[in-house]
There are 2 protein chains.
Amino acid sequence: MDSSQLLKGVLDLAVLAVLADRDSYGYDVVRRLREAGLEDVGDASVYGTLRRLFKAGALTSYVVASDEGPHRKYYGLNDVGRAQLASSATTWAAFAATMDDLLKELST
Amino acid sequence: MDSSQLLKGVLDLAVLAVLADRDSYGYDVVRRLREAGLEDVGDASVYGTLRRLFKAGALTSYVVASDEGPHRKYYGLNDVGRAQLASSATTWAAFAATMDDLLKELST
DNA sequence: GCCGCTATTGCGCTATGCGTAGTACTGTGC
DNA sequence: GCACAGTACTACGCATAGCGCAATAGCGGC
């Protein structure tokens, strides 16, 4: 849980944040992240993150059939996920503030 | 130069920011980063980052003898480094703003 | 039947940050 | 004079994350 996790683990946070809004499936998570501004996220990264979070016990999962294509594997937050989201969000905020401080001194 | 670099490459930015203030050597960079709030940075990571940035042509380097220990390898920004700092800082700001937006929606 | 869109999985690559160990120089205390 | 702590750097190997790419598969339109 040190901030080093944050250095690479921002995707986890982003994915959790998206799922907090509502349950979603991989393809849709990718779309929503890109719409939110993370245009460079690879689909494989998101699928990997979802599987990792699920394996870590932070997500629920259920499959839903679709009329417009193959089945969709929905993911949703459970209590563990919500806790992780809250704690990661806090860590992120602190880290971002630290970085902003560091960069702010450039102008002075 | 996509934002994916940022996901892991924040250390580069932090190191460049510290060096922008004044020339410095590895051991000192570590100290200053920790004082700035990045308490968990490993020394090996910083040394590695410095060597990588130097190899990439973003830093100058010169050795200075010291009275209080072994020699110090000082690093300083050159034009390439300053350009990289500026561009990374911009990318970081955009990325951080995006993440903050994503997280802000949690409360609504 | 083929193409494009939706949707997921698997494999291998690379870079990064980290831990640990090792080298080496200085000043202090015994 | 030597062990030791603090300073300063290097080298080796590890784990992991995100990425690119290919494969699979269902659907609708031409």
Side-chain angles (χ1 to χ4, degrees), chain A residues 1-16 23-35 38-56 58-59 61-75 88 91-92 95 99, chain B residues 1-16 23-35 38-56 58-59 61-75 84 88 91 95 99:
Chain A
M1 274 339 90
D2 44 8
S3 65
S4 73
Q5 292 308 85
L6 247 205
L7 295 173
K8 5 184 192 179
V10 199
L11 230 197
D12 288 34
L13 176 54
V15 167
L16 288 172
D23 286 11
S24 195
Y25 53 97
Y27 200 83
D28 188 48
V29 171
V30 173
R31 207 159 27 198
R32 287 163 73 191
L33 287 178
R34 295 208 171 129
E35 274 167 19
L38 301 174
E39 293 161 28
D40 295 324
V41 282
D43 49 343
S45 307
V46 172
Y47 283 114
T49 301
L50 285 170
R51 253 175 291 160
R52 230 180 307 119
L53 288 172
F54 176 70
K55 201 177 160 192
L59 302 181
S61 173
Y62 49 100
V63 171
V64 177
S66 162
D67 291 347
E68 312 140 35
H71 69 283
R72 295 168 174 170
K73 195 181 273 183
Y74 274 78
Y75 291 97
S88 293
T91 317
W92 160 259
F95 178 74
M99 285 302 296
Chain B
M1 274 347 83
D2 44 10
S3 65
S4 72
Q5 292 306 85
L6 248 206
L7 295 173
K8 6 184 191 179
V10 199
L11 229 198
D12 288 33
L13 176 55
V15 167
L16 288 171
D23 285 12
S24 194
Y25 53 98
Y27 200 82
D28 189 48
V29 171
V30 172
R31 208 159 27 199
R32 287 163 72 191
L33 287 177
R34 295 210 171 127
E35 275 166 19
L38 301 175
E39 294 160 28
D40 294 324
V41 281
D43 49 343
S45 306
V46 172
Y47 284 114
T49 301
L50 285 170
R51 251 176 289 158
R52 229 180 306 119
L53 288 172
F54 176 69
K55 201 176 161 194
L59 302 181
S61 174
Y62 50 99
V63 172
V64 176
S66 164
D67 291 347
E68 312 140 35
H71 69 282
R72 294 168 174 171
K73 193 181 274 183
Y74 275 80
Y75 291 98
Q84 184 173 337
S88 293
T91 317
F95 179 75
M99 285 302 296

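Convention: sequence-line order gives letters A, B, ...; per-chain numbering from 1.
- Considering only side-chain N and O atoms, Ser45(B) lies under 4.0 angstrom from the phosphate OP1 or OP2 of dC18(C).
- At whole-Å resolution of the value, NZ in Lys55(A) and P in dT9(C) are 14 Å apart.
- Rounded to whole Å, the distance from CG on Asp28(B) to P on dG6(D) is 18 Å.
- One interatomic measurement links the two molecules: CZ of Arg34(A) to C1' of dT6(C), which rounds to 14 Å at whole-angstrom precision.
- Within the structure, the salt bridge (Lys or Arg N to Asp or Glu O under 4.0 Å) test picks out the following pairs touching residues 62-75 of chain B (sequence neighbours left out): Glu68(B)-Arg72(B).
- We find that CZ of Phe95(A) is positioned 12 Å from C1' of dG17(C), with the value rounded to whole Å.
- Here the C1' atom of nucleotide dA11(D) and the CZ atom of Arg52(B) are 15 Å apart, to the nearest Å.
- In this model, the phosphate group of dT9(C) is not approached by any side-chain N or O of Tyr47(A) to a distance below 4.0 Å at OP1 or OP2.
- When distances run from any side-chain atom of Ala44(B) to the nucleotides dG17(C), dG19(C), dT10(D), the shortest one goes to dG19(C).
- By the side chain to side chain contact (heavy atoms under 4.5 Å, CB included) test, Ser24(A) is found to be paired with Leu19(A), Asp28(A), Val29(A), Arg32(A), residues two or more places apart in sequence or in another chain being considered.
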Mind listing the N/O atom pairs, protein and nucleotides 27-30 of chain D, below 3.5 Å?
| unit_1 | atom_1 | unit_2 | atom_2 | d |
| --- | --- | --- | --- | --- |
| dC27(D) | O3' | Asp67(A) | O | 3.2 |

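- Atom P of nucleotide dC9(D) and atom CG of Leu59(B) are separated by 13 Å, given to the nearest angstrom.
- The aromatic rings of Trp92(A) and Phe95(B) sit perpendicular, their planes meeting at an angle over 60°, well past the 30° parallel limit.
- For the pair Asp12(B) CG and dT16(C) C1', the computed distance is 9 Å after rounding to whole Å.
- Residue Arg72(B) places none of its side-chain N or O atoms closer than 4.0 Å to OP1 or OP2 of dC25(C).
- If you take CG of Asp40(B) and C1' of dG17(C), they are 12 Å apart, rounded to a whole angstrom.
- When side chains are defined from C-beta on, Tyr75(A) does not count as touching Asp23(A), because their heavy atoms never get closer than 4.5 Å.
- Nearest to the side-chain atoms of His71(B) among the listed nucleotides dC9(D), dG17(C), dT8(C) stands dC9(D).
- For Tyr25(B), the side-chain atoms get nearest to dA8(D) when compared with the rest of dG20(D), dA8(D), dA17(D).
- A salt bridge (Lys or Arg N to Asp or Glu O under 4.0 Å) check over residues 41-51 of chain B, counting only residues at least two apart or in different chains, returns nothing.
- Picking from dT8(C), dG17(C), dG10(C) the nucleotide with the shortest atom distance to the side chain of Tyr27(A) gives dT8(C).
- Taking 4.0 angstrom as the limit, Arg51(B) places none of its side-chain polar atoms (N or O) nearer than this to OP1 or OP2 of dC9(D).
- For Thr49(A) and Gly26(B), each mapped to the nucleotide of DNA chain D holding its nearest heavy atom, the one lying further toward the 5' end belongs to Gly26(B).
- Partners of Glu35(B) under the side chain to side chain contact (heavy atoms under 4.5 Å, CB included) rule, at least two apart in sequence or in another chain, are Arg31(B).
- For Thr49(A), there are no side-chain hydrogen bond (donor to acceptor under 3.5 Å, both in side chains) partners, not counting sequence neighbours.
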